[in-house]
Structure formats: C-alpha cells, structure tokens
Number of protein chains: 2
Amino acid sequence: MTTASTGGPRWLTDEEQSVWSAYLHATTLMEDHLDRQLQRDAGMPHIYYGLLVQLSRAPRHRKRMTELAKDAKITRSRLSHAVARLEKNGWVRREDCPSDKRGQNAVLTDEGHAMLVRSAPGHVAAVRQAMFARLTPEQVRNLGEIMRVVAAGLQPEGTDADLPWLR
Amino acid sequence: MTTASTGGPRWLTDEEQSVWSAYLHATTLMEDHLDRQLQRDAGMPHIYYGLLVQLSRAPRHRKRMTELAKDAKITRSRLSHAVARLEKNGWVRREDCPSDKRGQNAVLTDEGHAMLVRSAPGHVAAVRQAMFARLTPEQVRNLGEIMRVVAAGLQPEGTDADLPWLR
DNA sequence: GACCTTTTCTTGAAAGTTGAACTAGATAGA
DNA sequence: TCTATCTAGTTCAACTTTCAAGAAAAGGTC
C-alpha cells in the first residue's frame, strides 16, 4: 500500500495504518468507558467531570470561563452550556469577575466538591484498570512522551504548530 | 501524591497523572482537529467518514448494520441515525438482507465512493501531519503496541477484560 | 470624547448522541 | 405447534455539541 514518491498522495504505510486503527479503537473505547462510568457513578459525562476537577485544582476553587475553556480544550460556547447544566445540579455557580465586568468566574460549590471527593476513587480506579495496570513502566513513559509531542503539534497557538513543513 | 498501601484509594503517581493529562489533551485535540478537517473538506464528522471507509473495505461495499456498528465501535442506535444522514447525502443506501428479514445492509453508493476518493488524500495528510510526521519510527511502534493493549482491555467481549484482578 | 476593533460570554437553532422502549423476525424447547 | 426468549434494527425524548449571531465591556487611536 506504500506509494513511492510518484507525486501522488502519500499514503500511510501498513504499520502506520495498523497503528492508526489501534489508536482510534483504543481512544474510542476509552472515552465510552469513562463516559459510562462517570454517568453511572457521578451523573455526568467525562468532560463535565473534568471541568470540576480543573476547578478543584484552581486557587480558591474558581476560574475565569475563558481560562477554564482553554484548559479543558473546549469552546467557550460549549463551556457556557456545560456550566449552565452543572449550575442546575448545584455543583458550580457563576460569579461576576471584580476586575473585568465582562468576565465570569466558575466556582466549585461545596456540593460540587463533595461530589468530586465521592466519585474520585472510582474514577481513578477505572483509569488505572483501563490503562496503567496494563502497561509497563517503560510504556507509560513512552506514552507520555508521545502524547506530549502530539498535543504540542495540535496546540492552537503553537509557534510552528501549523507549519511543520518549515522545520 | 502517592498513597502507600494504607487501604485508602490508590491514586495515580505524579508521572501517571502527567501522562493521563497529556493523553486527554492529545486525544481531545486530535479529535477536534480531524472533525473540523473532515467537516470542512467532506461535509461530515470523523465518525461518519470512518463508516464510509469501513464500507469501502468490505466485500461488495456493503455490511450488515450490526457488524458495521461493532467494527466502528458505536451503538446500533447511533448507527441508525448516522446511516439515515448519510443516506440523505446519497453516500450510502440501505438494502434488505436476503437471508435474514430483520437485517439491513448498509451499501456504499458510487457517489459515496467518489467522495471518499476525493477526500482521502487530504485526510491522510492531516493524520500524517498531526501524528506520524512528529514521531520517530520507534515511537510509532511503541504507540501501536500500547494502543493494542489498551483496546484489548476495553473490548466488550474481552475474556477477562472486566476481571483484571483475577489474572 | 468618539470611533473602531477586540475580547468575553451568552443565546438559539440545527445537528448529533444516548438509553429506553418498541416492532418484527429468528430460535429453541416443550 | 405453541410459547418464550433472543436478536436486528428503528424510534422517541432528553441531553449535548456546534456554529453563527449578538450584547456588553475593554482597549487603542485619533
């Protein structure tokens, strides 16, 4: 399946295809797995859980909307909807930003924090069982390096992210 | 952050946390990237494109719904909706299964095939640029092995997938 | 200040996903 | 055969995501 440099499109090698297919399967199954686990045990999808985690790690349990969106790699629009839903659950509340009247802080409520404390062990166990318990320490190290490279290459503001051919 | 075996939940080590975070960032950014690329160039999300690819690889360009859902790792419900949409686009059509009157085959139309031929080079280029162009051959090899292990562990019918503590 | 541009966040509609309920046909046992 | 159970696929309602449009405040320039 490998096309020599005949000017046509450059296809993936057989190994690359196989790796790509494994990547797609693994990531799809992982996302489904975690979504189901958290929907069952915490009543929300994985991404919403991730938002609560971000807030729990932030100073004073709060964060500007835009910053939160950036950290969670989602659009501001999506975050608006998500926070509205989490607010309805009582896990997050909005608060005007004192220094910028346009701004809003998302604040983790006590109930939100409690919910996190309650569901974190199960979630960590799921992650461990699905990934870390199955990999050797060296594989974990390699995976980290690989994912960092890929993420860096896709980062929106990356210095040369969209110009790899200039390297 | 490492908890000794005190009976409490077993958290992730610092390195595991860092790897997990890199994994989530990379996979989220990658999915967004491909969804946008295909939405722009082929008018459909990545998963729909994957369905057409599956059909194009199947004998006679057709596949039973359930099998297609299994191969694409999605629910039958989601597939029903997806095929309805692709049918509206003229890229797929449904066909009664001759041997089982409950069954349906999803069939790739000529237009669907043409669309695939047209958009494949751009998609492959996007995948290559985002992933394979950035990794060493050894990293590609390692990634393949890692993703196969993870996927195998999450496979629904996995012999001991949900019973890792019995190994 | 007046004007223009940018940033922040929200909204609404359209598209996609989920999980449960449902129909029709296949299968197996008495 | 009759019945119970299972499988294939669809449909519905609730929910989530996307994209485009918009309101409000901030920042810059004259």
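Side chains included, hydrogens not; waters and symmetry mates left out as well; all remaining heavy atoms used. By convention in this document, chain letters (A, B, ...) are assigned in the order of the sequence lines, proteins followed by strands, and residues within each chain are numbered from 1.
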What does [X] touch in the nucleic acid at a heavy-atom separation under 4.0 angstrom: a base, only the sugar-phosphate, or nothing?
X: B:I47; answer: sugar-phosphate
X: A:R40; answer: nothing
X: B:D100; answer: sugar-phosphate

A:E31 and A:H46: side-chain donor and acceptor closer than 3.5 Å? no
What I want to check is whether the side chains of B:N142 and A:Q139 have a donor and an acceptor closer together than 3.5 Å. no
Any [X] side-chain nitrogen or oxygen under 4.0 Å from OP1 or OP2 of [N]:
X: A:R36; N: C:dG19; value: yes
X: A:R94; N: C:dT10; value: yes
X: A:R85; N: D:dC15; value: no

May I have the distance from [X] (atom [atom1]) to [N] (atom [atom2]), rounded to whole angstrom?
X: B:M44; N: C:dG16; atom1: CE; atom2: P; answer: 11 Å
X: A:M65; N: C:dT11; atom1: CE; atom2: P; answer: 10 Å
X: B:L79; N: D:dT11; atom1: CG; atom2: P; answer: 13 Å
X: B:Q39; N: D:dT17; atom1: CD; atom2: P; answer: 16 Å
X: A:E31; N: C:dG16; atom1: CD; atom2: C1'; answer: 14 Å
X: A:L68; N: C:dT7; atom1: CG; atom2: C1'; answer: 17 Å
X: B:R76; N: C:dT23; atom1: CZ; atom2: P; answer: 17 Å
X: A:N105; N: C:dT8; atom1: CG; atom2: C1'; answer: 12 Å

By nearest atom, which of the nucleotides [options] is closest to the [X] side chain?
X: B:Y48; options: C:dG16, D:dT18, D:dA24; result: C:dG16
X: A:T66; options: C:dT18, D:dG9, C:dT8; result: C:dT8
X: A:R102; options: C:dT11, C:dT18, C:dT6; result: C:dT6

Side-chain donor/acceptor of A:R78 to base of D:dT18, under 3.5 Å: no
Any donor-acceptor pair under 3.5 Å joining the side chain of B:S77 to the base of D:dT11? yes
Which sits closer to the 5' end of DNA chain D, B:R64 or B:H81, going by the nucleotide each is nearest to? B:R64
Closer than 4.0 angstrom, basic N to acidic O: yes or no for A:E15 and B:R141? no
Flag, side chain of A:D100 to backbone of A:R102, donor-acceptor distance under 3.5 Å: yes
Compare all side-chain heavy atoms of B:R78 with those of B:H81 and state whether any distance is below 4.5 angstrom. no
